[in-house]
There are 2 protein chains.
Amino acid sequence: MREPTFLVLTALAEEPQHGYAVLEDVARMTGGRVRLRAGTLYSALDRLKTEGLVEVEREEVVQSRLRRYYRLTGLGEKLLAAESARLREQAALADARLRVRQQPGGSPA
Amino acid sequence: MREPTFLVLTALAEEPQHGYAVLEDVARMTGGRVRLRAGTLYSALDRLKTEGLVEVEREEVVQSRLRRYYRLTGLGEKLLAAESARLREQAALADARLRVRQQPGGSPA
DNA sequence: CCGTATATACCTGTCATCGGTATATTCCTC
DNA sequence: GAGGAATATACCGATGACAGGTATATACGG
């Protein structure tokens with residue numbers, strides 16, 4: 001799973017959101033670093049829907065514009081949690097190696 | 001940066017290693033989950049060398065076979081540390097959202 | 001002598017993502 | 001009321017990291 005996909009799932013983890021709200025949420029969560037393109041977002045949502053990680057919760061029409069709300073499925077929740085654990089583990093691996101580098105001498109016993 | 005690239009940099013963080021050793025190191029670090037293909041590894045090393053994140057430390061000939069040792073550069077170290085921090089932040093983001101999901105009621109003031 | 005392990009390297013395909021564009025409506029500005 | 005920005009969804013072509021396979025050469029075990 002790549003970063004944009006992970007962030008889309010994260011945006012939907014708390015409560016259902018429509019596409020444009022996800023776009024803004026991701027930008028806010030990352031402090032403006034990640035600004036998803038519309039193409040990235042909607043193809044990701046379609047893909048995740050096909051994979052059963054998200055589903056359409058409801059559709060609203062606000063000011064003549066369609067809002068399609070996506071919700072994280074149970075499967076999506078499990079996968080996001082697993083992915084999050086993997087990220088933490090890899091960060092820990094890298095940090096441990098980098099610490100040894102700064103403080104040479106190999107593993108301390 | 002994708003997972004294989006991150007793991008290659010991590011493998012080189014502690015001390016220089018040659019290609020095949022990186023392959024085994026990554027498999028060991030991930031408990032066998034990630035087994036890099038030779039094509040993935042060597043194209044990644046070439047790419048990272050071009051980007052200045054790794055460099056060739058030395059070349060040895062062991063049993064008539066060339067061993068090319070790669071070392072993480074200072075730039076590579078900085079980038080790996082930054083990437084590791086990013087992974088931790090994203091994991092924290094996802095975990096926070098998932099916790100709210102399990103325990104509904106929004107942010108607790 | 002055949003398969004496996006070590007070791008590097010190339011080459012083709014795939015797929016997520018990027019970047020741009022199209023569509024439509026509402027709000028704000030001039 | 002014309003033009004631009006924001007909202008909202010959707011399609012399309014290009015890119016680039018990676019997967020998977022293959023080629024190469026040598027050493028070792030059966």
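Lettering follows sequence order; numbering is per chain, from 1.
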Return the set of residues passing side-chain contact (heavy atoms from CB on, under 4.5 Å) with B:A85 (not counting sequence neighbours), or none when no residue passes.
-> B:R88, B:E89
In residues 26-34 of chain A, what residues come within less than 4.0 Å of DNA chain D, judged by heavy atoms?
-> none
ring-ring contact (aromatic ring centres under 6.0 Å, His included) pairs touching residues 8-30 of chain A, sequence neighbours excluded, are A:H18-A:Y69
Checking all strands, does B:S43 fall into the base, sugar-phosphate, or nothing category for heavy-atom contacts under 4.0 angstrom?
-> nothing
Sorted by chain and residue number, the salt bridge (charged side-chain N to carboxylate O under 4.0 Å, His left out) partners of B:E55 (sequence neighbours excluded) come out as B:R71
Partner set under side-chain contact (heavy atoms from CB on, under 4.5 Å) for B:K49, not counting sequence neighbours = B:D46, B:V54, B:V56, B:Y70
Rounding to 10 degrees, work out the angle separating the end axes of the helix from C:dC1-D:dG30 to C:dC30-D:dG1 (five pairs an end).
-> 0°
Using a cut-off of strictly less than 4.0 Å, decide whether B:R47 has a side-chain nitrogen or oxygen near OP1 or OP2 of D:dC18.
-> yes
Enumerate all atom pairs, one protein N or O and one N or O from nucleotides 6-10 of chain C, separated by less than 3.5 Å.
from	atom 1	to	atom 2	distance (Å)
C:dT6	OP2	B:Y20	OH	2.7
C:dT6	O2	B:R65	NE	3.1
C:dA7	OP1	B:R67	NE	2.4
C:dA7	OP1	B:R67	NH2	2.1
C:dA7	O3'	B:L66	O	3.1
C:dT8	OP1	B:R68	N	2.8
C:dT8	OP2	B:G19	N	3.1
C:dT8	OP2	B:Y20	N	2.8
C:dT8	OP2	B:Y42	OH	2.7
C:dT8	O5'	B:Y42	OH	3.3
C:dA9	OP1	B:R68	NH1	2.3
C:dA9	OP2	B:R68	NH1	3.3

side-chain contact (heavy atoms from CB on, under 4.5 Å) with B:E83: which residues, sequence neighbours excluded?
-> B:M1, B:F6, B:R86
Can you list every side-chain hydrogen bond (donor to acceptor under 3.5 Å, both in side chains) pair that touches residues 30-40 of chain A, not counting sequence neighbours?
-> A:E3-A:R33
Could I get the full list of side-chain contact (heavy atoms from CB on, under 4.5 Å) partners for B:L41, not counting sequence neighbours?
-> B:V8, B:V22, B:L23, B:L36, B:L45
Residue pairs passing the ring-ring contact (aromatic ring centres under 6.0 Å, His included) test with at least one member in residues 37-67 of chain B, sequence neighbours excluded, are none
ring-ring contact (aromatic ring centres under 6.0 Å, His included) contacts in which one or both residues fall within residues 79-102 of chain A, not counting sequence neighbours = none
Quick one: do B:R67 and B:E59 make a salt bridge, cutoff under 4.0 Å?
-> no
